[in-house]
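So you know, we letter chains A, B, ... as the sequences are listed, proteins then strands, and number each from 1.
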Amino acid sequence: MSSAHSHLLYRHGDSLLHRLPAHAKVLALVGFMLVVVATPRERFLAFAGYAALLAVVAVVAAVPVRFIVTRMVVEVPFVVFALLLPVISGGPRVDVLGLSLSEDGLLAGWNILAKGTLGVVAAILLAATTDARALLIGLQRLRLPARLVEIAAFMVRYADVVISDMQRMRIARESRGFQGRHLGHLRVVAQSAGALFIRSYERGERVHLAMLSRGYTGAMPLVDDAPVAPAAWATVATLPVGAAVLAVASGWLA
Amino acid sequence: MHVPDGFLNAPTSVATGAVAAACIAVALRKAREELDERTAPLAGLTAAFVFAGQMINFPVGIGTSGHLMGGALAAVLVGPWTAVLVLSVVLMVQSLLFADGGLTALGTNITLIGITTVVAGWLVTRAVLALLPKRPGSVVPAAALGAFVSVPVAAAVFVVLFAAGGEANLPFGPLLATMLGWHLLIGIGEALITGLTVSAVVAVRPDLVYAARGLRPALQLRQADGTLIPAPAGPGPSASGTPRASLRGLLIGGGLMAALIAGALSFLASASPDGLERVAESEGFADSAREHTFGNFSLAEYGEIGGIPVGLAGLVGVVITAGIAVVVFRFVRRRAARQQNVST
Amino acid sequence: MTPSLEVHGLAYAYPDGHQALFGVDLTVQRGERVALLGPNGAGKTTFILHLNGILHGGAGTINVAGLDVRPADREVLREIRRRVGIVFQDPDDQLFMPTVRDDVAFGPANLGLRGAELESRVSEALEAVGMAHVADRPPHHLSFGQRRRVAVATVLAMRPEILVLDEPTSNLDPASRRELAGILRSLAVTLLLVTHDLPYALELCERSVVLSDGAIVADGPTHDLLTDDEMLRRNRLELPYGFDPHVRPSG
């Protein structure tokens with residue numbers, strides 16, 4: 001994974017999507033993706049419909065196309081796989097632009113490309129409109145085990161700290177002439193990784209001390225319990241329900 | 001290398017989600033024994049460390065690179081149960097806040113990277129540790145081997161999952177061979193980084209390496225006549241007590257989990273068509289033309305590989321591997337006990 | 001009047017056998033501002049970790065505003081941790097929640113406060129350190145000086161009897177250092193300032209105590225201590241270049 005992944009996707013804003021509670025958004029998007037994944041790959045119209053739905057969401061959320069496209073870099077590995085499938089798959093073959101490609105492989109490649117891309121776009125839209133704190137509260141309200149949410153909260157809080165520690169170490173290394181070019185550089189990098197772990201772990205111990213000093217007895221105090229208006233649920237439900245309608249409708253038409 | 005949406009079909013995704021949830025539930029309870037009430041901040045910081053560590057790339061072949069997965073490393077540093085939590089949280093945050101890994105594929109990703117690598121890495125580490133002399137430094141080669149094995153094992157599990165729930169007509173054998181070969185290379189990188197990192201930590205703070213607990217030579221008491229006798233075991237985390245018990249639990253849990261995956265998947269893969277098709281059929285929309293299009297989804301074609309149903313093959317494979325592991329452990333432990341009797 | 005802090009004969013050795021405190025006696029009256037000075041390794045951090053019961057098991061007694069520190073009793077421990085507010089050296093270790101508001105609310109929430117009462121307590125603490133305008137920001141978006149001040153707020157929100165600060169001026173730029181001094185001066189709370197920053201001790205604390213090799217070796221008005229060159233040298237304490245404690249700045 002490249003360093004692009006260290007930058008949060010959240011974009012500050014005040015759109016309808018920003019204001020919806022995180023747990024509702026997560027449920028809606030997961031529901032949507034389940035419909036997408038369960039859709040047979042031949043229903044091309046349905047996929048066009050799903051893309052249109054996500055486009056509407058993007059407009060409502062005021063997320064520009066360029067933002068989405070640049071963040072889709074994470075897709076690259078499975079795009080390669082999807083492109084390979086027509087070549088390596090078995091079954092009857094068809095002629096495309098002079099190449100003999102597997103018919104099933106073409107469909108399989110399309111399947112992965114379509115569903116995977118929709119998934120990435122949906123995830124980007126979720127991340128762009130939900131800040132970390134809201135998401136953690138949302139996970140709490142989804143009844144995720146409290147300890148898991150706590151661990152996630154600490155991870156999110158200290159990821160930047162650990163990464164900047166790591167960058168400072170890299171700068172210190174390179175300032176002393178180190179240039180990692182080949183596999184041999186792993187030893188030096190791993191030494192830093194070891195030091196980074198010790199530092200991070202010791203910080204964890206100090207955080208625990210600070211928590212104890214402020215009265216921590218094993219449970220994080222509950223943060224948000226406000227009820228969600230039915231209107232909000234109706235709004236988020238439009239996405240998965242819309243997708244389901246499209247899926248069934250495309251079954252009619254195909 | 002995180003699996004995106006669409007690689008595996010809906011029933012498989014849901015099934016792996018259930019498996020992941022069950023394993024996390026168990027890990028939550030067991031992790032307290034590894035870290036007591038400090039679990040949240042320490043696991044959280046370790047998760048931040050793994051997250052940062054996954055940004056380390058290393059070259060694997062021409063023009064491509066692999067990255068550290070960290071399952072075996074986390075298991076060696078903070079213990080297997082905490083490692084499951086750590087990796088699961090990393091994957092969860094990556095998919096929800098960084099759009100890295102499909103939302104419906106979270107169960108799959110956790111099963112592969114959060115559980116399989118941890119279990120495989122930990123079991124191999126413990127096995128190798130049982131063979132090596134009881135010194136903190138022994139953790140290094142043990143961790144490296146654990147990391148090396150964890151990667152192709154996860155790849156193999158992925159291939160099994162893909163064979164059961166992936167929507168592509170790929171020959172199972174060559175696919176497995178390709179994936180294994182590729183991931184053996186990545187495994188080398190993982191082994192190197194894991195081993196070197198553990199080595200760096202052991203050199204400075206061996207008490208922070210979970211797998212190194214109990215590897216210090218036993219304290220000795222000098223008696224009045226000058227002879228040395230071993231000191232009685234203290235109240236702290238003892239060398240013999242806790243790790244062996246949790247190992248047995250892990251083997252049983254791991255075996256059950258593997259059986260569940262194999263069994264459940266085989267049921268889902270062979271029993272019913274995908275969700276929407278089932279709806280379509282029950283509502284009467286299915287017709288002969290559609291049956292041709294869905295030919296690849298029929299029972300006969302992807303329910304079996306090489307004449308044996310996928311799920312059954314997987315299950316048998318897991319049982320054989322587990323059996324071998326148990327036999328090796330028994331043998332090694334008996335031999336170690338015999339050696340100890342001789343020296344004292 | 002009951003002193004804010006009464007420590008008698010505090011002795012402590014770490015599990016590895018190294019003894020860090022050799023019988024510390026210290027009494028701090030209500031409203032006093034005391035600086036705890038001493039070279040590195042003297043035992044200052046070990047000492048303050050005893051004040052809220054994080055370290056225990058050695059010898060001696062500690063009494064905070066009439067309540068004995070008894071780590072075995074959870075109710076007592078909770079109250080002690082309210083009364084003794086420790087601000088540690090690295091603010092990043094103390095600001096572990098997603099936003100500033102959450103961090104400041106953590107302490108009082110653990111004490112049982114909820115709803116409007118919790119909110120007003122949080123606002124009060126943030127106002128006291130002048131950080132109300134960053135309440136909804138994540139801590140890592142703040143400057144170091146701001147994080148220091150928020151860390152103080154997280155402890156103030158618990159309405160402590162005594163505020164203990166461990167090296168509050170380390171890594172602070174001069175402007176932030178001055179701002180912090182203004183805040184500390186404005187607080188109506190007993191203050192124990194652990195510091196290497198001797199001018200700061202002179203500026204804020206009328207009394208100072210020197211801890212060296214695990215025991216108190218000097219206790220008196222700060223000005224007297226800082227003009228005792230022999231004592232300073234013996235305990236590896238040094239005044240900054242050009243600083244003359246005899247010269248008091250006007251205003």
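Salt-bridge check for C:Asp92 with C:Arg148: failed, with every basic side-chain N at 4.0 Å or more from each acidic carboxylate O.
In this structure, A:Arg157 contributes its side chain and C:Leu95 its backbone to a donor-acceptor pair below 3.5 Å. Checking side-chain atoms of C:Thr169 against main-chain N and O of C:Leu172 turns up no donor-acceptor pair under 3.5 Å.
There is no contact between C:Asp136 and chain A, counting heavy-atom distances below 4.5 Å. Neither the backbone nor the side chain of C:Arg82 comes within contact range of chain A; no heavy atoms are under 4.5 Å apart.
The candidate from C:Val155, C:Leu118, C:Thr154 with the greatest count of non-hydrogen atom pairs under 4.5 Å with chain A is C:Thr154.
Side chains of A:Glu205 and A:Glu202 form a contact here, defined as non-hydrogen atoms less than 4.5 Å apart. Between C:Pro3 and C:Glu6, the closest side-chain pair of non-hydrogen atoms falls below 4.5 Å.
In this structure, A:Arg11 forms a cation-pi arrangement with A:Phe67, its terminal cationic atom sitting closer than 6.0 Å to the ring centre and no more than 45° off the ring axis.
For residues 25-60 of chain C, the interface with chain A (any heavy-atom pair closer than 4.5 Å) comprises C:Leu49, C:Asn52, C:Ile54, sorted by residue number.
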Side chain to side chain contact (heavy atoms under 4.5 Å, CB included) assessment of C:Arg81 paired with A:Leu212
CA-CA 8 Å; C:Arg81 287 182 178 161; A:Leu212 283 182; 3.9 Å; yes
